[in-house]
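Structure record follows, encoded as C-alpha cells.
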There are 2 protein chains.
Amino acid sequence: MRRNSKSTAETVERGHFNDYLGRHNLRRTQERIRILQEVFSTHDHFDVETLLFRLRRKKHLVSRATIYRTLKHLLDSKLVRQVDLGRNRAFYEHALGRENHEHLVCVACGKVVEFSTVTIQKLQNFVCEEFNFRPVRHSYQILGTCESCQSSS
Amino acid sequence: MRRNSKSTAETVERGHFNDYLGRHNLRRTQERIRILQEVFSTHDHFDVETLLFRLRRKKHLVSRATIYRTLKHLLDSKLVRQVDLGRNRAFYEHALGRENHEHLVCVACGKVVEFSTVTIQKLQNFVCEEFNFRPVRHSYQILGTCESCQSSS
DNA sequence: TTGCTATTGCGTCTCATTCTCAATATGAGC
DNA sequence: GCTCATATTGAGAATGAGACGCAATAGCAA
C-alpha cells in the first residue's frame with residue numbers, strides 16, 4: 001500500500017495531464033513530460049527560475065519559454081495553482097487534493113507556511129451572496145516575520 | 001458641519017503629508033502637492049497610468065518617475081495603501097480612516113467592491129499566534145464575476 | 001538674494017513574462 | 001515503419017512595470 005503511494009500519485013498526475021492534452025489536441029512532448037515530472041518531484045512552492053535550474057541540473061534542457069508555456073497548461077488543467085507570495089514574480093504549487101489552504105509568508109527569509117481554514121470559504125460564500133458575485137478564485141496571504149527572523153533582528 | 005467635511009478631509013491629508021515631509025527633511029514641491037491633490041480628488045482605486053493621465057488632462061505635467069517616487073512617500077506616510085486587484089500592476093487607494101476592508105474584483109469588467117470584515121482580522125491573529133509569526137500586512141481578494149457580467153455572458 | 005542640496009525629467013536599465021519565427025518533432029493515416 | 005501536416009520548440013527580440021543615474025532645476029534656510 002504505502003510502497004506504491006508515490007508512484008500512484010504520479011500516475012494520477014500523468015493521467016490527468018494526458019487527458020488534458022488529448023482533449024485539447026496537444027502533443028505529449030519530451031519537454032512537457034519532463035516539466036510535469038520535475039514539478040511533481042517535490043512539494044515545495046517554486047518559481048520559473050527554480051524549475052529551470054532543477055531541470056538543467058538533470059541535463060534536461062528545456063527553454064524558459066517552454067516552461068512558461070507548459071505552466072499555463074498545468075494551470076489550465078488545474079494540476080498546478082498559482083500563488084502570490086508578495087514577491088515580484090509568480091510562484092506555483094501542486095493543486096491536486098490540496099484545496100482550502102492559505103499562505104503565511106515570512107518577509108525576511110521567504111519561508112512559507114500553509115494553513116488550512118474553512119472560515120475563509122464561508123466568508124467568501126457569504127460575501128459573494130451579498131454582492132451577487134459568482135466567485136472564481138480568491139487570494140489570501142498573511143505577510144509577516146517568522147519566529148527565527150524576529151529574534152535575529 | 002457637512003459643508004466643510006470635504007475641505008476638512010483635504011486639510012487633514014495635506015497636514016499629514018506636510019508632517020511627513022518635515023519629519024523626513026523632504027521638500028514641499030509643486031509636483032508632490034499636485035499628486036497629493038489628484039490622489040485625493042476621487043475615491044477610486046487607481047494605478048500609475050491613470051494618475052498620470054488625470055494629471056496630464058489638467059495640464060499638470062509630472063513625470064512618471066516622480067509619480068512612482070511620490071507614491072512611495074504616500075505609502076510610507078500611510079496616506080495611501082497598495083492593493084492587489086489580481087492584475088499585473090500595482091493599484092492604490094486612500095488609507096486614512098479606511099481600515100479593515102477587503103476587495104471583491106470582477107474579472108470581466110474590473111469593477112471593485114469593498115467589503116468590511118472583522119473576521120479576517122481575528123483569523124489573522126489566530127493564525128499568527130499559532131505559528132509564532134509577527135504579522136506585517138495581509139492581502140485578501142475575491143475574484144469573480146459581478147451580477148451584470150454574469151448575465152451578459 | 002545667495003547657495004546648498006533635494007528633486008525633477010529624461011532616458012536608460014532591469015527583470016519577469018510574452019511573442020515571433022524558423023527549425024524540429026509528434027502522431028495520425030497509410 | 002514511413003510520410004506529412006502541423007503542433008511545438010528554442011533563441012532572441014519585444015513588452016511593460018518599475019527603478020535608477022545624471023544633469024538641470026527649484027526649495028528653502030540664512
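The chains referred to below are lettered A, B, ... by the order of the sequence lines, with proteins before strands, and numbering in each begins at 1.
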Over 60° means perpendicular and under 30° means parallel, so tell me whether [X] and [Y] are parallel, tilted or perpendicular.
X	Y	value
B/Phe115	A/Phe131	tilted
A/His43	A/His94	tilted
B/Tyr140	A/Tyr140	perpendicular

Problem set entry | Earlier contact from the 5' end, DNA chain D, for B/Thr29 and B/Gln82 |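 The residue mapped nearer the 5' terminus is B/Gln82.
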Problem set entry | Sub-4.0 Å heavy-atom contacts from residues 48-66 of chain B onto DNA chain C, ordered by number |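 Hits under 4.0 Å, by residue number: B/Leu61, B/Val62, B/Ser63, B/Ala65, B/Thr66.
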Write down the distance between [atom1] ([X]) and [atom2] ([N]), rounded to a whole number of angstrom.
X	N	atom1	atom2	answer
A/Asn18	C/dT26	CG	P	14 Å
A/Arg69	D/dG10	CZ	P	8 Å
B/His73	C/dT8	NE2	P	9 Å
A/Arg28	C/dT24	CZ	P	23 Å

Problem set entry | Presence of donor-acceptor pair under 3.5 Å, side chain of A/Arg27 and base of D/dT6 |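 A donor-acceptor contact between them is present.
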Exercise. Heavy-atom count around B/His24 NE2 within 6.0 Å, excluding the residue itself: above 12?
Worked result: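 Yes, enclosed.
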For this session: Count the heavy atoms of every other residue, nucleotide or ligand shown that sit under 6.0 Å from CZ of A/Arg89, and state whether that count exceeds 12.
Result: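 Counting neighbours around CZ of A/Arg89, more than 12 heavy atoms of other residues, nucleotides or ligands fall under 6.0 Å, so yes.
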Return no unless some side-chain N or O of [X] is found under 4.0 Å from OP1 or OP2 of [N].
X	N	result
A/Tyr68	C/dT17	yes
B/Arg32	C/dT7	yes
B/Lys72	D/dG18	no

